[in-house]
Amino acid sequence: MEVKLVSWGVVLLALMVTGINGQSDVCGVAPLNTRIVGGDDAPVGAWPWMASLHVGGHICGGSLINNQWVLTAAHCVEFGFPVTAYDIFLGRHIQNGSNPNEVMMTPSKIIMHPQYNPKTFDNDVALIQLSGPVTFTDFIRPVCLAAAGSEYKDGQECWVTGWGNIKMDSPLPPPQTLQEVVVPIVSNSDCNKIYQIITNNMMCAGPSGGGTGHCIGDSGGPLLRKVESKWVQGGVVSFVSTDGCALPNLPGGYARVSQYESWIKSQITSNPPGFVVDGTTQLVSLSLPLLLSVTLVQSWF
């Protein structure tokens, strides 16, 4: 079986806080989020760090990591659009109606990871500096980031959020309300048996039977886990198989946030994001079959 990978945006024209100061005192707190088990439409304000990147319309997700920076995927910003082409919406819940709690920001700088590989999606991360600081509210707050040394084991349940399609070949428009879904982690060794390009900079997640996961329009958004009282972002939505979204034994791929602590800190020299070492584990083995060669293709966003 040949498996192709694509990145999915919208086709468009034990807990230890590291660092001093920064966002470690406020990150990862979602006052309006009381979610325990899965759902479809996210409650208003449940994911206050969620960002919607627009170039004429929604193209990708992202996450607010301090009062002036958004983390997203490199493939969301790699096509040479000028900085002025982007609008960043924070506090947004629906794409086609009123969002009384949102603010729209313009970026002043976009930084792709210098080792981003568009053929393999390695190092698929980017930072967007907003033109000014945002004021935190119950609906707009930064997420904590997984620090170096964080571990994500087979079967650990994480949340993915975004406005992406619910199915790759769906004739219906993508959902306009922010979606949330729970997915289990798949080990890099099992995931690499399928895709054969998985590096330490990546992670994978999705149930072996399929049915849930990210899809078109979710790129750049966060994969999250709650650690005690804080939500910690462990991954950035990166790619899926071209065979489809959320299919059996084809988990979704993510950039592994903990690999980029040093790089993020080198770019954000003041008011650094809050990094958390997440060392909690659940030992639930997921066995995936060995599949054969992989061919990678570049997608739009």
Side-chain angles (χ1 to χ4, degrees), residues 14-30 47-51 53 60-78 83 86 88 90 105 107-117 121-136 140-152 158 199-203 219-238 254-280:
L15 213 184
M16 178 176 66
V17 177
T18 63
I20 301 175
N21 302 320
Q23 302 298 294
S24 60
D25 56 339
V26 297
C27 72
V29 177
W47 310 103
W49 38 80
M50 192 69 201
L53 279 61
C60 279
S63 50
L64 187 69
I65 59 175
N66 74 359
N67 66 347
Q68 204 166 350
W69 289 85
V70 168
L71 176 66
T72 189
H75 74 261
C76 290
V77 295
E78 69 171 324
V83 171
Y86 291 86
I88 314 295
L90 301 167
M105 304 293 293
S108 61
K109 183 188 299 183
I110 295 176
I111 306 171
M112 285 199 303
H113 194 280
Q115 275 79 55
Y116 166 59
N117 186 329
F121 304 108
D122 199 16
N123 299 302
D124 190 9
V125 293
L127 291 167
I128 301 176
Q129 184 176 26
L130 304 178
S131 56
V134 296
T135 300
F136 297 155
I140 301 174
R141 300 179 70 89
V143 69
C144 297
L145 299 179
S150 296
E151 296 184 2
Y152 288 79
C158 295
T199 72
N200 291 336
N201 299 323
M202 301 175 181
M203 60 195 303
S219 283
L223 177 140
L224 307 134
R225 187 168 61 193
K226 195 171 188 180
V227 181
E228 296 187 357
S229 62
K230 290 181 178 287
W231 288 93
V232 179
Q233 180 175 353
V236 177
V237 174
S238 181
Y254 303 79
R256 186 181 292 268
V257 171
S258 61
Q259 292 291 95
Y260 302 102
E261 180 178 1
S262 295
W263 178 72
I264 291 171
K265 287 180 175 178
S266 73
Q267 303 301 318
I268 303 176
T269 56
S270 63
N271 195 25
F275 283 89
V276 169
V277 174
D278 182 359
T280 59

Take D122 and M202 through the test side-chain contact (heavy atoms from CB on, under 4.5 Å) and record every step on the way to the result.
-> CA-CA 7 Å; D122 199 16; M202 301 175 181; 4.0 Å; yes
What pair of heavy atoms forms the shortest contact from [X] to [Y], and how long is it?
| X | Y | result |
| --- | --- | --- |
| M105 | S131 | CE-OG, 4.4 Å |
| S150 | Y152 | CB-CE1, 4.1 Å |
| W69 | Q267 | CZ2-O, 4.0 Å |
| D124 | A255 | O-CB, 3.7 Å |
| H75 | V237 | CE1-O, 4.1 Å |
| N123 | Y116 | O-CB, 3.5 Å |

Begin with the C-alpha distance, continue with both residues' side-chain angles, and end with the deciding distance and a verdict on side-chain contact (heavy atoms from CB on, under 4.5 Å) for Q233 and L71.
-> CA-CA 10 Å; Q233 180 175 353; L71 176 66; 3.9 Å; yes
Would you call [X] and [Y] a side-chain contact if the rule is heavy atoms closer than 4.5 Å?
| X | Y | answer |
| --- | --- | --- |
| P222 | V143 | no |
| R256 | N201 | no |
| V125 | I264 | no |
| Y260 | V236 | no |
| P142 | F136 | yes |

Rounded to the nearest 0.5 Å, what's the gap from SG on C60 to CD1 on I128? Could you check?
-> 9.0 Å
Atom OG1 of T135 and atom CG of L90: how far apart are they, to the nearest 0.5 Å?
-> 11.0 Å
For the pair W49 and W231, name the ring-plane relationship: parallel under 30°, tilted 30 to 60°, perpendicular over 60°.
-> tilted
Where the side chain of T72 meets the backbone of G61, is there a donor-acceptor pair that is under 3.5 Å apart?
-> yes
Can you tell me if Q129 uses its side chain to pair, donor with acceptor, with the backbone of K109 under 3.5 Å?
-> no
Given I110, L130, L127, I65, the one that forms side-chain contact (heavy atoms from CB on, under 4.5 Å) with V70 | L130
